Amino acid sequence: MFQFDNSYARLPDRFFASVYPEPVEGPKLLKFNEELAGELGIEADFSDPARLAAILAGNVVPPGAEPIAMAYAGHQFGNFVPQLGDGRAILLGEVVDRNGRRRDIQLKGAGPTPFSRRGDGRAALGPVLREYIVSEAFAALGLPATRALAAVATGEPVRRERMEQGAVFVRVAASHVRVGTFQFFAARGDNEGVKTLADYVIERHYPELKTAENPYSSLLRAVAFRQADLIARWMGVGFIHGVMNTDNMTISGETIDFGPCAFLDEYNPMKVFSSIDQAGRYAYRNQPGIGQWNIARLAECLLPLLDEDQDRAVDAANAVLKEFGERFQSEWLGVFARKIGLLSEVEGDGELIQTLLAAMHEGEADFTLAFRRLADAAEGRDEAFLACFAAPEKALAWLGAWRERLAGEARSGEERAAAMRAVNPAVIPRNHRVEEALSAANYNDFSFFERLLEALENPYEERPEFADLMVPPKPEERVSMTFCGT
Ligand code: AMP
Ligand code: MG
């Protein structure tokens, strides 16, 4: 089924533990991503659904797979844990896709590993479907993220706060190397391990850096830039990751681990959804600062490779951290300038955007809908935009300033509106809709899960049949808290 070529399994033994998935009672395929399977060159045998489910649940290990649990460490909410590792995820192997890109095929929830600590190695149905929905929404939005190949029910219960149905999530990633993977070796004083890993990720993700003057400082900068760009784009769709621990930040620049993540409803920069984030460490507006903090942790791991002279190594790391801030600022400005329909960037645009955001905050405007309706205003229809605000005065004043700024750009209202609709989604996985899909699925009704996925395939289109999925939650529908629910 898979044409495996497993580069990570060829790394030294201390990088992982070889471990087979633990077979489950009754594997049943809930969802299979045929389009992605095609991209990966996977030949799935649909005439034998039982075998397909058995493979994707880990009951049958397909030829060529070399199942491993990867070792990693990580800062969780700022506290360093020297050993985390794949406690319930097993990397089956890697395939090279139709575009020549190497991708990991991982089974999440496939049973215990040497890194499981007190965990059961399993995943519950709800979180599996949430990860499925949000990863595929990200792909359709055009944001880098790991992908969903399949969701499989295990036919076994898992004990969480209450008993739930178990499931396995089949995740596809550019790789699963994280900031925390570097920390695993650095924390052990294993500089050789750090170097081997750095060389590995340069080869796999940044081959153009092999010939750089210092490939390792170039690597640090490249990872920092990809993360700065990624976080700017999260901000642009109102996304709150929720657990930006260093073990949940990839080296590839893909978003990973959709646990207690959420999308903003009404705009509030201080917004936190995760029940475990009491201090608001990972609040919406803190994300760029945390991204930089995580890159600082990566920089510490790479110090011995940056320069033989320790002071010069620290200077090089600090320079990159400063560049992270600049890069984020400029990406953020670009993202939001496009959201408000600007072609060029001029002095004062940042302020114009901030004034809008302040009005949205004060007016409790729905983040997604307000930007989407601003496209109507670009065509001269202001009502729906203004209706997003509790009181219209500030929004009305802002429209005046916006139009003054737009006067300096040669583009018709229609063209501008079309460009804005191409970057301001109409359909996002709204928290209350995701919850609705998960609740129904817990009663074995997958119809809303399927419908939501279908709507999310074309997030920039307003299709009348999905009108209900575009509207913000009513007060009683609002989800105020999300749970890791691992
Ligand atoms: P996460 O919150 O999914 O990023 O996971 C953080 C760490 O906890 C990782 O090392 C996971 O492998 C581990 N973990 C989470 N849930 C479980 C579980 N049910 N069984 C074993 N390990 C787990
Ligand atoms: Mg994780």
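Start at 1 and go down the list; that is how both ligands and their atoms are numbered. Just so you know, these numbers come straight off a predicted model, no measurement behind them. FYI, the numbering just counts along the sequence from 1.
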Only heavy atoms count here, so choose which of Asp120, Val81, Asn245 is nearest to atom 19 (N) of ligand 1. Asp120

For Asp86 and ligand 1, does the shortest N/O to N/O distance drop below 3.5 Å? no

Should Arg178 and Asp86 count as an ion pair when the cut-off is N to O under 4.0 Å? yes

Under 30°, 30 to 60°, or over 60°: which ring-plane class applies to Tyr282 and Phe77, parallel, tilted or perpendicular? tilted

For Arg117, is the nearest heavy atom under 4.0 Å from an atom of ligand 1? yes

When rounded to the nearest 0.5 Å, the distance separating OG1 of Thr255 from NE2 of His241 is 7.0 Å

Does ligand 1 have a heavy atom under 4.0 Å from the side chain of Val243, from its backbone, from both, or from neither? neither

For ligand 1, does Tyr72 get within less than 4.0 Å through its side chain, its backbone, both, or neither, judged by non-hydrogen atoms? side chain

For ligand 1, which atoms have a heavy atom of Arg122 less than 4.0 angstrom away? 19 (N)

Report the relative orientation of the aromatic rings in Phe336 and Phe371; use parallel for angles under 30°, tilted for 30 to 60°, perpendicular for over 60°. perpendicular

Sub-4.0 Å heavy-atom approach of Met70 to ligand 1: no

Going by the atom numbers of ligand 1, which of them fall below 4.0 Å from some non-hydrogen atom of Leu84? 10 (O)

In Å, rounded to the nearest 0.5 Å, how long is the span from CE of Met244 to NE2 of His75? 14.5 Å

Touching ligand 1 at all, Gly121? Heavy atoms, strictly under 4.0 Å? yes

The Mg ion (ligand 2) - closest N/O/S atom in Asp257: OD2

Taking atom types as modelled, find out whether Arg171 and His176 have a side-chain donor-acceptor pair closer than 3.5 angstrom. yes

Run Glu203 and Asp199 through side-chain contact (heavy atoms from CB on, under 4.5 Å) and show every step you take. CA-CA 6 Å; Glu203 183 73 40; Asp199 289 337; over 6 Å; no

Option with minimal heavy-atom separation from atom 11 (C) of ligand 1, where the choices are Gly85, Ala73, Gly74: Gly85

Go through ligand 1 atom by atom and flag the ones less than 4.0 Å from a non-hydrogen atom of Asn248. 4 (O)

Hey, is the Mg ion (ligand 2) within less than 2.8 Å of some N/O/S atom on Asn248? yes

Within the 4.0 Å heavy-atom shell around Asp257, which atoms of ligand 1 are there? 1 (P), 3 (O), 4 (O)

Only heavy atoms of Arg160, strictly under 4.0 Å: list the atoms of ligand 1 that pass. 19 (N)

Does this structure show an ion pair linking Glu454 with Arg451, if we count only N-O contacts that are shorter than 4.0 Å? no

Could you tell me whether the side chains of Ser175 and Tyr8 share a donor-acceptor contact shorter than 3.5 Å? no

When you check the side-chain N and O atoms of Glu136 and Asn33, is any donor under 3.5 Å from an acceptor? yes

